[in-house]
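Both ligands and their constituent atoms are indexed starting at 1 by order of listing. These values consider heavy atoms only, across backbone and side chains, with no hydrogens, waters or symmetry-generated copies.
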Amino acid sequence: MSATAMPGNAVVPASPPPAFAARATSVEGSPVREILALTQRTGVISFAGGLPAPELFDTEGLRAAYDAAFAASARRALQYSTTEGAPELRAAVAARTTARGLPTDADDVVITSGSQQALTLLTTALIEPGDVVLVEDPTYLAALQCFGLAGARVVAVPCDGEGIVPEALADLVARERPKLLYTVPTFQNPTGRTLPAARRAAVARIAARLGLWLVEDDPYGDLRYEGRDVPWLAAHPGAEDRTALLGSFSKIMAPGLRLGWLRAPAALRRAAVVAKQAADLHTSTVDQLAAAHYLATTDLAAHIATVRTAYRERRDALLTGLGAALPAGSAWNRPEGGMFVWARLPEGHDATALLKTALTHGVAFVPGAPFHPTTPDPRTLRLSFTTHTPAEIAEGLTRLAGAVVA
Ligand code: PMP
């Protein structure tokens, strides 16, 4: 105990401040972020991060968009604005969503500070401590943190190489009475896999029949390198009145903008707006207006096509060399888009141990264990292919092969 001097020189004992909330101590910091710190040492070829390639940012176009936002009305760009978001940006998001097959009005959309915030707002609106949240196995780590902080009981839905197994989902919903299913059905983080249309239809039917909210998180859907677009889960019969669809400009413009959105039925949207008022009043006005200018004056589809071409080559470089780099008997998938390949080492191997050796060889990846919501699989790993050229990827895989035989 310390002591505090009082006026008149009297010294009184000081009591420690009260404890943190249980939720603050029950959820750990992201092990992936800690691994990323190690992998950012110079010279390491890292397949660990989930970052877009910075050399592909349209820096000049975005700078011009900020200039245009200031020129149009600096006073507006620098002022407080509405919680739902700038009307022109909501309209632009609605138009893109409609063009991709889901009719959407500007009023259906709330602009958020990254799609991560949309997840937090929906969790605030829907989850009481002890409520069950269903997630894919494995799933996005920061979603697990978000549900954990809300005191949810997270239950893993059995998945195979194509994602959620609908029959298993129906059993779990009947047994656990969950509030919501959180899913990343397109080019999932961490696995890169995509849920086929027939399974989406089945998930929507189960949600309608058994009573369930659906949170469809789609930051990667525009990054398709082959195959055809699969309609959003939100577009399937049964899902209309119970799906929150989350989108993001992070992977198609730049994550530093921190601009995402949610599209949700009116009552849920209103609850999310109240939660956002309490969280940050509104998303940055200047960033929203710059993004709206950018969308109005730039061919975003052409920019995305450039990014896709580069990422497709990078994905192919990783897939070409991975077989020679991983131990014999390993398995991995071939995602049609997104940023990640998911692999599994053979019996008796441990991805965390391999990472330690890999780092001494100047290459890194993320062990898959933290992405599994309940039972960690020590043999899985995630490899991101976006931030290195094909030549660097080949060199990284040569180093990984060296770590495997070390
Ligand atoms: N959901 C998933 C599945 C993600 O992978 C990410 C980013 N890594 C996010 C949400 C958050 O994205 P944003 O930058 O839009 O907050």
Side-chain angles (χ1 to χ4, degrees), residues 30-33 35-36 46-54 57 62 85 89 93 96-97 109-123 133-149 154 159 163-164 180-195 214-223 232-234 243-264 272 276 279-280 283-284 287-288 291 304 307 311 335 337-342 366 368 370-373 382-387:
S30 159
V32 173
R33 292 204 162 266
I35 290 166
L36 288 182
S46 177
F47 302 120
L51 308 179
F57 295 154
L62 287 168
L89 188 59
V93 167
R96 290 192 82 236
T97 310
V109 172
V110 177
I111 303 297
T112 55
S113 302
S115 58
Q116 187 67 35
Q117 186 188 44
L119 200 53
T120 306
L121 302 179
L122 292 167
T123 303
V133 169
L134 299 182
V135 299
E136 288 150 328
D137 187 11
T139 190
Y140 172 48
L141 203 57
L144 288 176
Q145 288 179 307
C146 185
F147 301 136
L149 282 170
V154 174
C159 293
I164 291 170
L180 66 84
L181 166 69
Y182 168 75
T183 170
V184 187
T186 309
F187 314 138
Q188 197 227 19
N189 182 3
T191 61
R193 69 193 172 201
T194 293
L195 194 69
L214 299 173
V215 176
E216 178 175 19
D217 190 5
D218 184 31
Y220 302 105
D222 281 306
L223 301 178
W232 277 302
L233 182 53
T243 305
L245 174 64
L246 276 47
S248 175
F249 287 121
S250 290
K251 310 301 189 301
I252 53 174
M253 266 193 217
L257 296 171
R258 306 308 304 128
L259 287 175
W261 61 89
L262 73 87
R263 174 197 186 277
K276 184 164 170 64
D280 65 354
T283 293
S284 156
D287 295 336
Q288 292 187 69
I304 294 174
V307 173
Y311 286 179
M339 297 174 44
F340 308 109
V341 168
W342 184 247
V366 186
F371 299 99
H372 294 283
R382 188 191 77 177
L383 298 122
S384 163
F385 49 79
T386 47
T387 48

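- Which parts of ligand 1 touch Y220 is read off a 4.0 Å heavy-atom cut-off, strictly below it: atoms 4 (C), 5 (O), 8 (N).
- Close contacts between ligand 1 and D217 involve ligand atoms 1 (N), 2 (C), 3 (C), 10 (C) [criterion: under 4.0 Å to a heavy atom].
- Listed by number with element, the atoms of ligand 1 under 4.0 angstrom from any heavy atom of S248 are 13 (P), 15 (O).
- Looking from atom 12 (O) of ligand 1 to the surrounding protein, the closest heavy atom is S115 OG, 3.3 Å.
- Of all protein heavy atoms, the one closest to atom 9 (C) of ligand 1 is Y140 OH, 3.3 Å.
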Ignoring hydrogens and angles, write down the donor-acceptor pairs under 3.5 Å from the side chains of residues 247-260, residues two or more places apart or on other chains.
unit_1, atom_1, unit_2, atom_2, d
S248, OG, S250, N, 2.9
S248, OG, S250, OG, 3.1
R258, NH1, P255, O, 3.2

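- Scanning both residues, V215 and L122, for their nearest heavy atoms gives CG1-CD1, 4.0 Å.
- Using a non-hydrogen distance threshold of 4.0 Å, Q188 does not register as a contact of ligand 1.
- Considering backbone and side-chain atoms together, S113 places no N or O closer than 3.5 Å to any N or O of ligand 1.
- Across the listed options P190, G247, S250, P219, S250 owns the non-hydrogen atom lying nearest to atom 14 (O) of ligand 1.
- The contact set between ligand 1 and K251, taken as ligand atoms under 4.0 Å from a residue heavy atom, comprises 6 (C), 7 (C), 8 (N).
- The shortest heavy-atom contact between D137 and P373 is OD1-CD, 3.1 Å.
- Side chains of Q145 and Y140: no donor on one and acceptor on the other come within 3.5 Å.
- Taking every heavy atom of R258 and a limit of under 4.0 angstrom, the matching atoms of ligand 1 come to 13 (P), 14 (O), 16 (O).
- Taking every heavy atom of G114 and a limit of under 4.0 angstrom, the matching atoms of ligand 1 come to 15 (O), 16 (O).
- Side chains of T283 and S113: a donor-acceptor N/O pair is present below 3.5 angstrom, by distance only.
- Remark: side-chain polar atoms of S115 are not paired, donor with acceptor, to backbone N or O of A118 under 3.5 angstrom.
- With a 4.5 Å cut-off on side-chain heavy atoms, R193 and V184 do not count as touching.
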Derivation and outcome, side-chain contact (heavy atoms from CB on, under 4.5 Å), residues W261 and V110: CA-CA 5 Å; W261 61 89; V110 177; over 6 Å; no

